[in-house]
Amino acid sequence: MTVDEQQLHPITVAEARNLAQPSRLYLEGRKPDAHATFAWRNSRLSDGMTDEWIVRVQGKEYGPVEVDTLREWKMEGRLLPANEARRTDVQRWTTAADIPGLFESVDTAAAPTAERSPRRAPLQPRRSFSEVLIDTFRIYRKGFLQFLGLALLIAVPSLCAQLTGSTLSASPNMEANLRTLTVAALSFCMFLLSLAAWPVFIAGIQILTAELAGGRSIRMFPLLQNARKFWPRVAMLCIFVYGTYLFWTVLPIGIILMVMVAGPSVLLFFLALVVLAFQVWIVGRLFVNFLFWQQFAVLEGADVGNALRQSKELARSQRDLPWFRRPMWRGVFIASLWFAFVFAINLGSEWHSIQHYFHELTTSQDPQALIQGLTTTSTTQGFNLVGFILGLVQTLLRPLLGIAFVLLYFDSK
């Protein structure tokens, strides 16, 4: 079976030959696209070179490229022996299996390359938004057990912390004895363990998605070992990214509360609206700039600064395309779908509590009695089975968001 034409970077012969003179593109006022840049960097065309090859897949030609590039395509599964190929100075087509030193040679560079960073998925033509969603579910189904294991890394400690915390809040007369202190310490340790496992979860999602998208498989233990290597870098980025979100969320809310405490005033009311609008604007900009930091930190092996910089550049790139095909808006749509799902899950689990709170607000006349009634209700609630099941469903489906952003990253690159 020949490789699908979507598995090779769509570089035509004409495009590659144009790149032999890259300055010509700039003189004409044309900015070379990603396909052209890829061809220029990998083919290194020269008029005197003859040891270059052209590959033909389903009527389309790719190249010219040197044997080293063909060897990379072969290692990544993009080039198969049955694909048609010919030298640039020969018109007769043969197969890639006839290229000297390609398929019969043993490539020793694969092992150190795999140690540096996970292999990328085959480069494909741009997917539509529906195709991104379809491929997301396909990859999730294909690697369900591995994705489940990654999700449980953060879900099990978090659930233990919630269960131990619920036992403390359910006690009507909680005393500071050895039992309560032990339960509280266990709950706090489980919470810290869940936070510590989060970078491994993020890195594991990136690596596993890239492997499955490339038609490869990986076992759970090697996956965790590879993801653990990225823990320091991803942990630092998590602290910076989520800390920035927290800062620009808490600070405006604090200012708004101070304005409200100062007393009723039309000027203060408009000031609170201005602060709220600024909060929405800054959080939106941060969201766009941080769209692809996980992919650059793991799949590209970039450090903290470069991961954030390249994430911002990629998210705001391709402005010549229609707005709904740009990486920024595609990422916004994907995140919006996930946030809507999470909101529906949380709304369903807390529906009875919301109904009770609304009833208290509409019937109670005494503010102090209202606050006391709401506090008593929140502390006397026991174990919520519906909320537990819905939270488990959210945990199982959480890898879908990471898979979708990895596919979007590959498309945007």
Side-chain angles (χ1 to χ4, degrees), residues 4-12 15 19 30-42 62 76 78 117-140 202-203 205-215 230 233-234 237 241 284-339 399-413:
D4 183 39
E5 66 172 335
Q6 293 181 351
Q7 290 181 295
L8 287 174
H9 203 290
I11 309 168
T12 62
E15 288 174 335
L19 286 168
R30 294 170 52 196
K31 183 178 179 181
D33 57 9
H35 297 170
T37 304
F38 181 85
W40 179 37
R41 289 179 179 177
N42 290 279
Y62 305 90
E76 296 172 357
R78 307 182 186 185
S117 62
R119 294 174 290 179
R120 300 182 186 179
L123 299 176
Q124 299 179 353
R126 184 181 301 276
R127 301 175 178 88
S128 64
F129 187 75
S130 60
E131 289 174 340
V132 171
L133 298 181
I134 293 173
D135 288 345
T136 296
F137 283 96
R138 178 182 58 82
I139 292 177
Y140 178 75
I202 291 177
I205 292 295
Q206 317 304 310
I207 298 171
L208 181 57
T209 303
E211 294 295 321
L212 294 178
F230 296 93
R233 182 186 308 156
V234 177
L237 281 165
V241 171
R285 287 186 62 88
L286 290 174
F287 175 79
V288 172
N289 294 340
F290 295 157
L291 270 180
F292 300 106
W293 70 266
Q294 299 178 6
Q295 288 73 48
F296 279 105
V298 178
L299 300 179
E300 294 289 343
D303 56 21
V304 175
N306 285 328
L308 296 175
R309 178 182 57 82
Q310 296 178 32
S311 173
K312 176 182 177 181
E313 293 175 354
L314 182 60
R316 299 181 180 276
S317 64
Q318 303 179 15
R319 298 193 175 185
D320 56 325
L321 297 176
W323 66 272
F324 55 87
R325 297 181 60 187
R326 299 174 189 173
M328 178 177 65
W329 289 108
R330 286 191 166 194
V332 170
F333 290 154
I334 292 173
S336 299
L337 290 176
W338 174 253
F339 292 151
L400 289 173
L401 180 63
I403 298 171
F405 268 93
V406 172
L407 296 181
L408 179 60
Y409 163 79
F410 284 134
D411 277 2
S412 301
K413 291 284 288 186

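The chain is numbered in sequence order, starting from 1. Only this structure's heavy atoms are used, side chains among them; waters, hydrogens and symmetry mates stay out.
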Exercise. Under 4.5 Å between any side-chain heavy atoms of Leu308 and Val241, yes or no?
Worked result: yes
For this session: Without swapping roles, check the side chain of Gln318 against the backbone of Ser412 for a donor-acceptor pair under 3.5 Å.
Result: yes
Exercise. Are side-chain heavy atoms of Leu407 and Ile139 found at a separation under 4.5 Å?
Worked result: yes
Problem set entry | CH2/Trp329: more than 12 non-hydrogen atoms of other groups inside 6.0 Å | no
Exercise. Can you tell me how far the CG atom of Leu133 sits from the CG atom of Leu400, to the nearest 0.5 Å?
Worked result: 10.0 Å
Exercise. Would you find more than 12 non-hydrogen atoms of other residues, nucleotides or ligands less than 6.0 Å from Phe137 atom CZ?
Worked result: no
For this session: Provide the full list of salt bridge (charged side-chain N to carboxylate O under 4.0 Å, His left out) pairs with a residue in residues 315-329, sequence neighbours left out, each pair given once.
Result: none
Problem set entry | Exercise: identify the closest heavy-atom pair between Ile205 and Thr209 | O-OG1, 2.7 Å
For this session: Please state whether the rings of Tyr409 and Phe292 are parallel, tilted or perpendicular, taking 30° and 60° as the class boundaries.
Result: tilted
For this session: Check Arg233 against Ala297 and note the closest heavy-atom contact, atom names and distance.
Result: NH1-O, 2.8 Å
For this session: Identify the two heavy atoms, one from Ala307 and one from Ala302, that lie closest to each other, and give their separation to 0.1 Å.
Result: N-CB, 3.8 Å
For this session: Any chance you could measure Glu313, atom CD, to Asn289, atom CG, to the nearest 0.5 Å?
Result: 10.5 Å
Problem set entry | Where Gln295 and Val406 come nearest, the two heavy atoms and their spacing | NE2-CG2, 3.9 Å
Exercise. Can you name the nearest heavy-atom pair linking Ile334 to Ala404, along with the distance?
Worked result: CG2-CB, 3.8 Å
For this session: Of all the heavy-atom pairs spanning Trp293 and Ile202, show the shortest one and how long it is.
Result: CH2-CD1, 4.1 Å
Exercise. Less than 4.5 Å apart, any side-chain heavy atom of Asn306 and any of Glu300?
Worked result: no
Seminar exercise, completed: Between the CG atom in Leu408 and the CZ atom in Phe129, the distance rounded to the nearest 0.5 Å is 8.5 Å
Exercise. CZ of Arg309 to CG of Leu314: how many Å apart, nearest 0.5 Å?
Worked result: 12.0 Å
Exercise. Heavy-atom distance under 4.5 Å between the side chains of Val332 and Phe287, does that happen here?
Worked result: yes
For this session: Verify side-chain contact (heavy atoms from CB on, under 4.5 Å) between Phe410 and Leu299, making sure each step is shown before the conclusion.
Result: CA-CA 10 Å; Phe410 284 134; Leu299 300 179; 3.9 Å; yes
Exercise. Val132 versus Phe405: any side-chain heavy-atom pair under 4.5 Å?
Worked result: no
